[in-house]
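Notes for the one structure printed next.
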Amino acid sequence: SFISAINQSIVHINDEQELLDTACNIAVNIGQFKAVWIGLVDEKRKLNIISLQGDDEIVKELKKYSGVDYANPEYIEHIVGKVLSSGKYQVKNGLSDDEDMAGLKETFARFGIKSTILFPVKKSGKTIGVFGFLSAIETFFDDQEITLLDEAASDISFALENFEKAKKHKATEELVVQNEKR
């Protein structure tokens with residue numbers, strides 16, 4: 001039902017922000033995640049959290065990480081930096097004893113988050129962001145779950161690419177109209 005709801009949203013929503021918010025909302029409400037977020041890289045190579053759903057306290061805490069420069073060598077080895085640089089998903093199924101997550105370990109423990117997975121968001125084959133899922137269940141992300149979430153992330157990427165194509169098409173049409181008027 002999770003992937004079906006995501007795909008229904010893609011078919012019916014024509015606004016990028018609304019689609020991202022709806023995807024995160026579906027993941028929290030149907031997928032039962034503690035929190036879900038989508039961050040996109042801006043022209044300054046900073047990852048901005050564009051959509052974030054979950055418990056109010058978790059949302060408030062995670063918003064602090066919006067705008068981090070993941071091109072900075074300090075963050076390149078962070079889980080988010082790895083997704084952005086490799087274009088491949090990263091999973092952490094045991095956050096309490098994961099050395100890579102040292103900076104977030106206390107925060108995740110406070111909110112009962114025990115595992116996380118991040119998928120790349122792409123446009124035209126280029127990684128432009130991250131789709132992140134936080135779970136209260138340790139070792140939650142097995143092969144079946146990863147396949148399902150990877151499909152959802154790919155579907156979101158496909159929709160974003162179509163939005164971009166539609167914007168370019170509309171701009172081209174407007175230029176044609178302007179040229180005809182001249």
Reference residue [X]; test side-chain contact (heavy atoms from CB on, under 4.5 Å); the match among [options]:
X      : options                       : answer
Tyr89  : Ile146, Leu149, Ile79, Val130 : Ile146
Phe111 : Ile58, Leu62, Leu134          : Ile58
Asn48  : Val41, Ile38, Leu40, Asp42    : Asp42

Please confirm whether the backbone N or O of [Y] pairs with a side-chain atom of [X], one donor and one acceptor, at under 3.5 Å?
X      : Y      : result
Ser124 : Lys126 : no
Lys114 : Thr139 : no
Ser115 : Asn93  : no

For a quick test of reading the model, state the closest non-hydrogen atom pair linking [X] to [Y] and the distance between them.
X      : Y     : value
Tyr65  : Ile49 : C-CD1, 4.4 Å
Ala159 : Leu19 : CB-CD2, 3.4 Å
Pro120 : Gly87 : CG-O, 3.2 Å
Cys24  : Ser51 : SG-OG, 3.6 Å

Does a side-chain heavy-atom distance below 4.5 Å link [X] with [Y]?
X      : Y      : result
Glu161 : Lys165 : yes
Lys60  : Asp56  : no
Ile156 : Leu20  : yes
Val121 : Thr127 : no
Leu160 : Glu16  : yes
Ser135 : Phe141 : yes
Lys63  : Leu52  : yes

Lys/Arg N to Asp/Glu carboxylate O, Glu164 vs Lys123, below 4.0 Å: yes
Run the salt-bridge test on Glu61 and Arg110 with the 4.0 Å N-O cut-off and return the result as yes or no. yes
In Å and rounded to the nearest 0.5 Å, what is the [atom1] to [atom2] distance from [X] to [Y]?
X      : Y      : atom1 : atom2 : result
Ile30  : Phe2   : CD1   : CZ    : 8.0 Å
Gln17  : Thr22  : CD    : OG1   : 9.5 Å
Asp21  : Ser9   : CG    : OG    : 11.0 Å
Ser1   : Asn29  : OG    : CG    : 11.0 Å
Ile113 : Thr107 : CD1   : OG1   : 8.5 Å
Gln32  : Ile137 : CD    : CD1   : 9.0 Å

Give a yes or no on this: more than 12 heavy atoms of other residues, nucleotides or ligands lie within 6.0 Å of atom CG of Asp143. no
Start with the C-alpha distance between Phe133 and Phe140, add both sets of side-chain angles, then the distance that settles side-chain contact (heavy atoms from CB on, under 4.5 Å), and finish with yes or no. CA-CA 11 Å; Phe133 301 83; Phe140 178 76; over 6 Å; no
Is there a path of hydrophobic side-chain contacts, each under 4.5 Å between heavy atoms of I, L, V, M, F, W or Y residues, that connects Phe158 with Leu148? no
Does His12 form a side-chain contact (heavy atoms from CB on, under 4.5 Å) with Gln8? I'd like the steps, not just the answer. CA-CA 6 Å; His12 297 292; Gln8 285 294 315; 3.2 Å; yes
Would Val36 and Phe131 count as a side-chain contact (heavy atoms from CB on, under 4.5 Å) here? Give the steps. CA-CA 8 Å; Val36 178; Phe131 195 0; 3.5 Å; yes
Could you give me the CA-CA distance, side-chain angles and deciding distance for Gln53 and Val59, then say whether side-chain contact (heavy atoms from CB on, under 4.5 Å) is met? CA-CA 7 Å; Gln53 298 284 324; Val59 166; 5.8 Å; no
